[in-house]
Structure formats: C-alpha cells, structure tokens
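The block underneath contains the structure these notes are about, expressed in structure tokens.
Lettering follows sequence order; numbering is per chain, from 1.
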There are 2 protein chains.
Amino acid sequence: MTTDSFELEQFLPYRLNRAAEFVGLRFAAHYRAKYGLTRPEWRTLAALGSSGRMTSKAVGAHSSMHKTKVSRAVFALEQRRWLKRSQDDADRRLEHLELTPAGQQAYRELIELARRYQAELEAELGGNGIEALSTGLAAIEQAISRSGKGKPPEPNELQALVGF
Amino acid sequence: MTTDSFELEQFLPYRLNRAAEFVGLRFAAHYRAKYGLTRPEWRTLAALGSSGRMTSKAVGAHSSMHKTKVSRAVFALEQRRWLKRSQDDADRRLEHLELTPAGQQAYRELIELARRYQAELEAELGGNGIEALSTGLAAIEQAISRSGKGKPPEPNELQALVGF
DNA sequence: AATTGATGGTTACATTTGCAACCATATCGT
DNA sequence: ACGATATGGTTGCAAATGTAACCATCAATT
C-alpha cells in the first residue's frame with residue numbers, strides 16, 4: 001500500500017505557498033511601511049504604471065486579481081489621488097484608469113524599491129537558485145495559461161489567476 | 001536613470017505568489033469539496049498524521065502557521081472528532097494533540113489525494129520543470145532558515161514562516 | 001516564597017477576503 | 001424594435017485572517 005510516508009515539506013503546494021509568503025511578505029513590509037499600500041493597491045499601481053491607461057478589467061487580467069479586489073484597490077488609489085477614472089464614451093459601462101502625476105511619481109519610487117528587492121533576492125538565492133526558480137515558475141505559468149483555454153466557468157478565484 | 005521598464009510578470013514575488021495560488025487553490029478545491037476542510041485544517045491534519053502526537057506549537061512549526069491559525073484549526077478538527085487533546089501533566093500549559101481513528105482514516109484518504117495531485121502536477125509540468133522548481137524552492141527554503149537565526153521578534157506573520 | 005519575566009495557548013476586534021447578488025449598459029436573436 | 005443574455009463594475013454579507021491583549025502556568029532571580 002501507499003499509505004505511509006507523506007511529508008508536508010515535500011509537497012509542492014505547501015512549499016510554493018511557504019516560499020511565496022516569505023518572499024512576498026518581506027517585500028510587502030517595505031511598501032507597507034513606507035506608503036501604507038496593500039498588495040492589491042501595489043499591483044494595480046504597477047499595472048497602470050507600466051502599461052498606462054487601461055480598464056479595471058485589464059488591470060485584473062494583468063495582475064491576476066479578482067475584480068472585487070481591483071475595484072477596491074482602484075477606489076483606494078483614487079482616494080489618494082494617485083489615479084483618475086474617465087468614462088469611455090463609446091461604451092459607457094467601462095472606465096479607463098490612469099495614474100495622476102503623483103501616482104506616477106509613487107510608481108517610480110515603488111518600482112525602484114522592487115528592483116532593489118529583486119536584486120537583494122538574487123544575491124540571497126544565488127544565480128543558480130534564481131535560474132532554477134525562474135524556469136520552474138515558467139513551467140507553472142505555462143500550465144496556467146494552458147488551463148485557461150475554453151473552460152467551464154471555474155468555481156472560485158482561479159478564474160482571476162488565468163488572466164491574460 | 002533606471003526609471004523605466006518594470007514588468008510585474010517578471011517580478012519574483014508576483015510570480016511566486018501567482019504560481020502558489022494556482023497550484024494551491026486547485027488542490028484546496030479537492031479537499032474542500034470532499035471534506036469541507038480549510039487549509040489550516042488540512043495542514044494540521046497532515047502534520048499530526050505524519051508526526052503523530054505533538055503540541056500545537058509543534059504543529060505550527062512544522063506547517064508554518066501562526067499560532068492563532070493553529071488554534072482555530074485544532075478547535076475545528078476537535079469538533080469533527082478527528083483529534084483529541086490531552087494535558088501534559090508535567091507542564092500544564094501545553095497540551096498534546098493526537099488524531100482519533102477517524103482522523104487517521106481521513107488523513108490516509110487525504111494524503112492519497114495529495115499524492116495523486118502531486119503526480120498530476122509532475123506530469124503537467126514535466127520532469128525538467130519539476131526539478132528546476134524544486135531546486136529553486138530549496139534555495140528559498142535555505143534563505144528562510146538562515147533568516148530564522150537569532151532574530152529580533154519580526155513584526156508580522158513572518159515569524160510563523162521560519163518555523164522549524 | 002515573592003516578584004519578574006517567559007511560554008503555550010485562546011480570544012476580541014478590526015481588516016481583508018470571497019462570493020453572490022446587483023446595477024447599468026451593451027449585444028444578440030428574432 | 002424587444003426581450004433575453006452578457007459584460008464591466010460595485011456592494012452587502014459572511015467567513016478567514018492578523019494583531020494585540022490576555023490567561024494560566026512555569027522558570028529564574030532575589
């Protein structure tokens with residue numbers, strides 16, 4: 001029987017989750033301390049900063065977030081005057097989002113932080129570690145995009161994950 | 001200046017988080033559908049199932065969970081009669097946890113599920129992908145354990161992550 | 001043995017999240 | 001042109017989570 005020997009610390013979902021939390025929380029600490037941003041807000045900022053004007057839906061697709069998360073993040077950033085909305089006048093359901101100058105400034109600072117952190121990480125993990133990790137992640141990313149082809153409306157938040 | 005070109009989808013924390021969610025949620029769907037378990041509950045079960053009798057604190061260390069998560073998971077599993085507590089009579093602060101026969105049965109079924117899922121994953125990602133991923137994760141795990149040496153009480157839940 | 005400080009574990013409270021229902025507008029089939 | 005259906009986005013509510021404060025017990029110092 002296959003009934004014995006199961007070790008959580010060799011189980012991929014567990015390992016991935018642990019690694020993601022470690023790496024992610026440490027970075028979150030940076031921008032939370034300095035700007036009081038949440039992760040959805042940071043991601044939204046990053047998406048808009050790098051791709052410019054786009055809709056909420058597109059933000060979600062580019063940053064793998066459920067639409068409610070995006071909606072709330074957009075609201076928060078709007079409060080801060082880091083982004084502004086504008087109605088599309090062809091299709092009035094959708095609104096275009098754009099960073100204000102203040103938002104762009106924050107974006108520039110944040111991505112500088114992000115770059116430094118990534119460099120730090122690369123130093124910490126070593127070239128080999130980074131490279132292995134990256135190819136491993138690429139394999140998963142491929143699986144993600146494969147899984148997003150012609151699907152029955154998946155139950156949960158997985159939907160958001162297969163964005164773009 | 002280094003002010004241009006930052007792509008979220010090349011940022012390691014983002015990639016890791018996305019991958020972890022994809023892989024993790026898909027598995028969670030399995031055991032949530034079949035047993036109505038939460039992730040902390042599943043992890044607690046796994047820890048106790050594989051290591052036998054242990055305290056809440058040890059569970060947290062083995063599965064990288066904050067003590068409040070463990071506390072709640074233990075309570076839930078106790079309700080289900082999947083585990084029982086017993087007081088240590090040398091030190092009455094701590095209590096030992098142990099799976100009941102029903103709990104052990106559930107554990108066996110769950111790890112069977114887990115094994116199948118991991119196999120599925122390996123097939124999906126291919127041998128190279130898996131291997132790369134595993135060495136990459138190992139590098140992070142090393143960093144985690146390095147970071148857990150003689151530290152000032154880290155702010156948040158990072159504490160739980162450096163478990164054992 | 002009394003005080004001080006650590007430790008295992010629980011709980012109250014605020015915040016974050018996921019989900020489903022919803023609103024407004026647009027599109028499709030007829 | 002009209003009803004059905006779909007789509008972008010928001011919101012209400014319940015559940016999950018993080019944080020800090022807390023309780024009980026133990027260990028160390030005096």
- Of A:Thr38 and B:Ala58, whose nearest nucleotide on DNA chain C comes first from the 5' end?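 Nearest nucleotide further toward 5': that of B:Ala58.
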- B:Val74 or A:Asp89: which one's nearest nucleotide on DNA chain C is closer to the 5' end? B:Val74
Could you tell me if [Y] and [X] have a donor-acceptor pair between their side chains, going purely by distance under 3.5 Å?
X: A:Gln118; Y: A:Arg115; value: no
X: B:Arg85; Y: B:Ser56; value: no
X: B:Tyr35; Y: B:Glu109; value: yes

- Side-chain N or O of A:Ser71 closer than 4.0 Å to phosphate OP1/OP2 of D:dT10: yes
Please report, rounded to the nearest Å, how far the [atom2] atom of [N] is from the [atom1] atom of [X].
X: A:Asp91; N: C:dC23; atom1: CG; atom2: C1'; value: 15 Å
X: A:Asp88; N: D:dT7; atom1: CG; atom2: C1'; value: 13 Å
X: A:Gln79; N: D:dT10; atom1: CD; atom2: P; value: 12 Å
X: A:Glu78; N: D:dT10; atom1: CD; atom2: P; value: 9 Å
X: A:Gln87; N: D:dT10; atom1: CD; atom2: C1'; value: 14 Å
X: B:Arg72; N: D:dA15; atom1: CZ; atom2: P; value: 14 Å
X: A:Lys69; N: C:dT16; atom1: NZ; atom2: P; value: 12 Å
X: B:Arg32; N: C:dC19; atom1: CZ; atom2: C1'; value: 11 Å

- Query: From the list C:dT25, D:dG9, D:dT25, which nucleotide is the closest neighbour of the side chain of A:Arg93?
  - Reply: C:dT25
Taking any heavy-atom pair under 4.0 Å as a contact, classify [X]: base, sugar-phosphate, or nothing.
X: B:Lys57; value: sugar-phosphate
X: A:Arg39; value: nothing
X: B:Ala90; value: sugar-phosphate
X: B:Ala76; value: nothing
X: A:Thr68; value: base

- Task: Give the ring-plane orientation class for B:Trp42 versus A:Phe6, where under 30° counts as parallel, over 60° as perpendicular and anything between as tilted.
- Result: tilted
- Task: Might you work through the side chain to side chain contact (heavy atoms under 4.5 Å, CB included) test for A:Leu97 and A:Leu77, ending with a clear yes or no?
- Result: CA-CA 11 Å; A:Leu97 309 172; A:Leu77 292 177; over 6 Å; no
- Query: Counting only distance, no hydrogens or angles, is the base of C:dT25 paired donor-acceptor with the side chain of A:Arg92 under 3.5 Å?
  - Reply: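 No.
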